[in-house]
Protein chains: 8
Amino acid sequence: MIAKVSIIMGSTSDLPIMENAAKILDEFEIPFEINALSAHRTPQQAIDFSKNAHDRGIRVIIAGAGGAAHLPGIVAALTPVPVIGVPIKSSNSLDGWDSILSILQMPSGIPVATVAIDGAKNAGILAAEILAVADEEILEKVKTFKAKLEDKIVKANNDLSKIKYKNKVN
Amino acid sequence: MIAKVSIIMGSTSDLPIMENAAKILDEFEIPFEINALSAHRTPQQAIDFSKNAHDRGIRVIIAGAGGAAHLPGIVAALTPVPVIGVPIKSSNSLDGWDSILSILQMPSGIPVATVAIDGAKNAGILAAEILAVADEEILEKVKTFKAKLEDKIVKANNDLSKIKYKNKVN
Amino acid sequence: MIAKVSIIMGSTSDLPIMENAAKILDEFEIPFEINALSAHRTPQQAIDFSKNAHDRGIRVIIAGAGGAAHLPGIVAALTPVPVIGVPIKSSNSLDGWDSILSILQMPSGIPVATVAIDGAKNAGILAAEILAVADEEILEKVKTFKAKLEDKIVKANNDLSKIKYKNKVN
Amino acid sequence: MIAKVSIIMGSTSDLPIMENAAKILDEFEIPFEINALSAHRTPQQAIDFSKNAHDRGIRVIIAGAGGAAHLPGIVAALTPVPVIGVPIKSSNSLDGWDSILSILQMPSGIPVATVAIDGAKNAGILAAEILAVADEEILEKVKTFKAKLEDKIVKANNDLSKIKYKNKVN
Amino acid sequence: MIAKVSIIMGSTSDLPIMENAAKILDEFEIPFEINALSAHRTPQQAIDFSKNAHDRGIRVIIAGAGGAAHLPGIVAALTPVPVIGVPIKSSNSLDGWDSILSILQMPSGIPVATVAIDGAKNAGILAAEILAVADEEILEKVKTFKAKLEDKIVKANNDLSKIKYKNKVN
Amino acid sequence: MIAKVSIIMGSTSDLPIMENAAKILDEFEIPFEINALSAHRTPQQAIDFSKNAHDRGIRVIIAGAGGAAHLPGIVAALTPVPVIGVPIKSSNSLDGWDSILSILQMPSGIPVATVAIDGAKNAGILAAEILAVADEEILEKVKTFKAKLEDKIVKANNDLSKIKYKNKVN
Amino acid sequence: MIAKVSIIMGSTSDLPIMENAAKILDEFEIPFEINALSAHRTPQQAIDFSKNAHDRGIRVIIAGAGGAAHLPGIVAALTPVPVIGVPIKSSNSLDGWDSILSILQMPSGIPVATVAIDGAKNAGILAAEILAVADEEILEKVKTFKAKLEDKIVKANNDLSKIKYKNKVN
Amino acid sequence: MIAKVSIIMGSTSDLPIMENAAKILDEFEIPFEINALSAHRTPQQAIDFSKNAHDRGIRVIIAGAGGAAHLPGIVAALTPVPVIGVPIKSSNSLDGWDSILSILQMPSGIPVATVAIDGAKNAGILAAEILAVADEEILEKVKTFKAKLEDKIVKANNDLSKIKYKNKVN
C-alpha cells in the first residue's frame, strides 16, 4: 500500500485536531501517512519531504499548524503536489487569527488551499475530491458522501418535529 | 476543446481580480470557461451548474466572491469537483474580512479551498496543481513554474547589489 | 392553525439559541413552524421552501446559522417574505465574527434583517413587529411588551436601593 | 399622500448613503418622509417621533447612523414599528466597525433589523418586504424586483462571453 | 448628605463590575447614589435624570453598559455634568469590543470619558479627580492614593526577592 | 492669565488634530497652554510636568498620542489632575486601534479619560465640563453649548425638506 | 555574580508567565535579576533603572506587561541596552491585543523587541542570542539549543508512528 | 569591511520600507549587506544563509516581509544570530495584521524580535543596540542617538510656542 495523502504537523499537540483528517481518509479508504515535520525545527527534512513527495506517490499534502503557522507555506513552495492548510487554534494563539492569516495570506505564486479553523475533517474531504480527479472509485465515494449530507437535515427535522409549543404548527 | 476549469463570479466588477486566474490558466494551457453565476440571483442555475460540472468535464471550479460571499460554499456543497474560493476585497466590504470569513469558515462536510484575499492568480496555480494529479503535462508545467519562482529573487538580488550606501558591503 | 413565522436552522445544535425565538412567538401567540434546512445540505429544499413560503402563509422567516452562515442569505434571495438572520456563536466559529459578517454583509438587492449574536429572542420580537404592520392584535401585544420593558429597570432600582455603602445616599 | 416609511438620520453628511433608500422606495412607489433626528441632539424629539410614528401612519422606520450609532436603538425601544438600522462608514469611524456593533448588538427586548455597512438600498428593499406583508401591490413589486435579480447575471454572462483568451472555451 | 456622584447602569447584572466604582468612592468618602436607568427601557427618565442631575447636586456621572451601550452617550448629550463611561464585557457581547466602541466613538460635541473594559474602579478614581478640581479634601485623598500606587511595586519586589534560581542575582 | 488646561502632544504632526481642542477652549474662553512632551523622549520633563501641573494651576490635562501611545498614561500616573487621552490615527498606526488600546486599557488605579479616535474637540468640551464643576461661568457656557447641539438637526431638517422625490411626503 | 539580564514586570500576577524567561536563563547559565518596576507606579525608579542598567552590567532587559503595556517602551527610551517586550494576556485585557499593540507599535527611534503573547521563554532565548554576540560560551549553548529543536519532531514522529488506522501506511 | 548586519527581504517592493534600516546603519557606521532571500522561493539558500551567517561575521539579521511573512521565522530557526522581524503593510495584506501575526507569534523555542509595522528604522536601531553589547564605539553612538531623541520635542515646543490663540498662555 502506497500513501497517496500525507498528513503533516509540527507537534503531537495538534493530533486531536488532525486525526479528523485521518478518520475521513480511512472512511474513504484512501491510503495515507502521518508525519511530524517542522518548517523551523527540521527545515532540511521539510525541504526534502516537499521535493520528494510526488515521486514517493503522494498526491495531496494536508498540513496542520498553529500560531505563526509556516509549515503549509514552506512545503507548498517546493512541491507540485497541492497542499491543504489547516489553521489550528492552539492555546497560545490569538483565537486562531494568527494561524489563519499565516496560512491563508500566501504570496503570489505559492497557493495553500486553506480550510476553516480546526477544519481537519474538511481537509480530508478536500483531499478526496482532489484525488477523485483521477480516481473513479474515490469519485463515487465523494459523490455518495455529498449525497448523504442531507441526512443530517432529515434527522434534524425529525427531532424538531417532536418539540412542542402551544403555537407551533406541525 | 473541453473546459477543465470553470471560473465563476457573481459580478463583472470581480473580473479585474478574477482575470488573474484566467491568465495563469492560459499560461499553463489549461482549457477553461468563465461564467457569471450567483448563489442569490440565479440559485437554480448555481445548483444545476454544480450538479452537472463534473459530467461536463470540469475538474476544478474557481469561485470568486466579495462581502457575504456565498457562491463558493453553495457550489462546493453540490459537486464532487474541488472548489477553490477567492475572497475579493470589494468597495463595500469590511476590508475583505467579510469575504474571507464567509468563504473560509465552511461547516464540516463541505470544504472550500480558500486562497488569499484577491488571490485569483494563486487559485489558478492551485487548479493546475490539482489537475496535475492526473495529467503529466500539466505536472511538468507546474514543476517548471515552481522552479522559476526563484528567478524573482535572483533578479531582486541583482537590483539590490546596485544600491550604494557608505557602509554597505557588496 | 396556519404558521405565519417560519423558524429555520441548519442543525439541532443551534436549537438552544433558536428556541428563544420560539418562546417569544409563543408568548405573542403567533403560530409558527420550526424546520431544519440547509443552504448546503438541502439546497433544492431551501429553494423550494423560499419560493413557496409566502403561498403557504408564511409572512416572516427567522433563519439562524453559525460559521460561514449562508442560509439566511440564500433564502432571502428567493422570497418576498422578510428574512431575519440570527448569527450564532458556535464552537468552531471565530467568536461569532464569521457568522455576523456572513449574514450581515449581503450584496445590494438582497437584504437580511440581522440581529445581535445569538439574538434569537430579538428575532422573535422583530417578527412580531413586522406582523403587527397588518395585525392589530399583535400590534397591541408588541405595544404592551415594549411598555413593560421598563419593568426590568423598576425592579433593578428596587434591588439597588437595598445595597448599603457608608457614603451611598438613598 | 401619507408616508408609510420614515427615513431618519443624524446628519446631512449621511445623505449620500441614505438617499439610496429613498431611491428604491421611489422605485417601489412607497410614500416616505426624510427627517433629521438625533438621539443626542434632539432626544425629546426622538422620543416623540418614536411614540407617534405608528399613529401618524408610519409602518417602517429606516435609521442611518455612523460611529457610536445610537439613533436606531433609541427609536426601536419606543415604537412598535420595525426599525431598520443602516451602519454608516463615516470619515472618523473605525472602518465602520463602531457603527455596525453599536446598531447590531442591541440588548434583549429591543431588536434593530441591521443591514450591511452603507446598505441603505437594502434597507429600502427590506422596508418594502415588510410593507408587503399587508399590501398586495407592494408584494407584486417585490416579487418582480426579486425576479429581476438574475438580469444582472444574464448581462454579466453576456459580457464575459466576449472576453478572449487562448484557452478559454466559449 | 447629598450625592455628588451618580452611578447608573441598565441592569443589576452589571453590578458585580460597577460596585468597584462604589467601593472606591466609599474609600474616598465621596457621597454617591446608585440607580438603574436605561436609554432604551426608560428613555424619559434618562432624559429627566440628565437634565436634573446638576441641579440635584450631581457633579460626575458614572455610567456602565454592555453590548450596544447607549446609556453613557444619551446621558452625556443632555447634561453639563461630565459623564464617565464604563464598557462592560457581558456574556453576549463580542468580547467587549461592542461596548467599547459604542461608548468611545461618540460624535463631535458630546464627549464621554471612557475607561478600560470593566474599569469601574478607575471610573471611581477619575470621578474623584474631577471633584478634586473644586474640593481640597478630595484632592488630598487623590494625592495620597496616587502616592500609594508604588506600594504595590514595593511589595512585589519583596515577593520577587524571595524567588530562588541558580543564576538569579539578588 | 494662568492656564487651566494643558494640551500636550509628542509631535507637531499631531497638531492638526489637537488644535481642535485649542479651538473649542478658545470658544469657551478657557485659558490654556500647548506643549510638546514625550513619555519616551523627555521622560524627566514628563514626570516634572505631571508633578507640578496642579501647583501651576492646571486643572485638566489633554494628552494626544498615536501608535503605542504612552504619554496620557504616564502623566495620569503622577498627577491628581484628570487626564483626557486623545488617540490619534497616525500614518503608521494600525487604523488607530493601537493608539485606542494603549490609552484606554490603563491598569487599575490610573484612569485616563479616553475620547474617540482623533476626538480632540470632544476632549476640549470634556475639559470644559470638568472645569464647570468649580466654575459657574464655564458651566453656563457648557449649558449653552449643549443647548445649541440641536441647531445642527434643525438646519439638517431644513436642508432635507428641500430634497424632492416623487414619493416623498413633505 | 553580576546580572547580565534584568527581568522586570509591573505585577507579581505576571510572574507565572515571566518565570519562563527565568527558567531558560537558568538553563543557559546566564546570571539575571528579577525586579518589579512600573512605568506608572514607580516612574522615577523606572527612569533611574533605565539610565543605570548598562553601568550596572545589564546587557539585555526583558520587560513583561499586560493591558496598556507601557513599561517596555518607557525603559527602552532611556537605555542603550536592548529591551525585549513580552505582551501578557491578563484577565482584563482584550484577549492580549491591547498589550501586543502597546508594546509593538513603538514610535520611530525607540525600538522594543517584541515576542509572542505570553512568550517569556522566547524572550529568554532571544536574550541569550543577544549576549552570544559577545560571549562564545553562550553562543555554543544557543547553538546546542537550536540543534536540539528537532528532537521534539523526532519524538513526535515516534509517537505518530504508533497510531493505527486501517489505511495508514507506516 | 565585513558586514555585521544582514538585511534580507523577499522582494524589491519591500525596499522603500527596508532602506530605512540601511540608512540608520549607515548613520551608525555599521557595515551591513542587503540581500533578497525567500523562505518560499529560495528555501535552500535561506537555510544555507542562516547556517553560515554567524561564520561569515553576521551578528544581527534584519528580515522584512509582508502577508504570510515566513522569512524571519525560518531564518531565526537556523541561526544563533538574533533575528529582527519587520512586518510590512503590502498592498495585498490585510492592513498589516497578517504580516504582524506571521512574524510575532513564533512558536516556543524560536524567537523573532518583532518591531512595529513598517518599522525598519527601529530595526536598524535595535541592531545597533545589540551590537553595542560587544562594541564600545557603537554603544557611544547609541547613547548619543538616544540623548538626541529629546531634540524633536525641543523643536516641537519651539514651533508650538509660535501658535496664537486668544486664550493661549505662553
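None of these values were measured; they are calculated from a predicted model. So you know, we letter chains A, B, ... as the sequences are listed, proteins then strands, and number each from 1. Note: hydrogens, waters and symmetry copies are ignored here, and every other heavy atom, side chains too, is used.
- The part of E/L101 that comes within reach of chain F is its side chain, from C-beta onward, which places non-hydrogen atoms under 4.5 angstrom from that chain.
- One finds the CD atom of F/Q105 at 9.0 Å from the CG atom of E/D118 (value rounded to the nearest 0.5 Å).
- Counting non-hydrogen atoms of other residues, nucleotides and ligands closer than 6.0 Å to CD of E/Q44 gives a total above 12.
- Neither the backbone nor the side chain of F/V60 comes within less than 4.5 Å of any heavy atom in chain E.
- Heavy atoms from other residues, nucleotides or ligands lying under 6.0 Å from NZ of E/K143 number more than 12.
- Going from atom CD1 of E/I130 over to atom CG of F/L131 covers 10.5 Å, rounded to the nearest 0.5 Å.
- Ranked by heavy-atom pairs under 4.5 Å with chain F, the first of E/I110, E/V142, E/I24 is E/I110.
- Closest approach of E/N122 to F/G109, counting heavy atoms only: OD1-N, 2.6 Å.
- Expressed to the nearest 0.5 Å, how far OG of E/S108 lies from CG of F/L149 amounts to 9.5 Å.
- E/I84 contributes atom CD1, which lies 11.0 Å from atom OG1 of F/T114 (distance to the nearest 0.5 angstrom).
- Closest non-hydrogen pair, F/E129 versus E/P82, comes out as OE1-CA, 3.4 Å.
- Only the backbone of F/V112 comes within contact range of chain E, judged by heavy atoms closer than 4.5 Å.
- Of the two parts of F/A77, only the backbone, made up of N, CA, C and O, holds a non-hydrogen atom closer than 4.5 Å to a non-hydrogen atom of chain E.
- The closest donor-acceptor contact from the side chain of F/K146 to the backbone of E/A76 lies under 3.5 Å.
- Only the side chain of F/I100 comes within less than 4.5 Å of a heavy atom in chain E; its backbone stays farther off.
- Ranked by non-hydrogen atom pairs under 4.5 Å with chain F, the options E/P80, E/A116, E/P111, E/P107 are led by E/P111.
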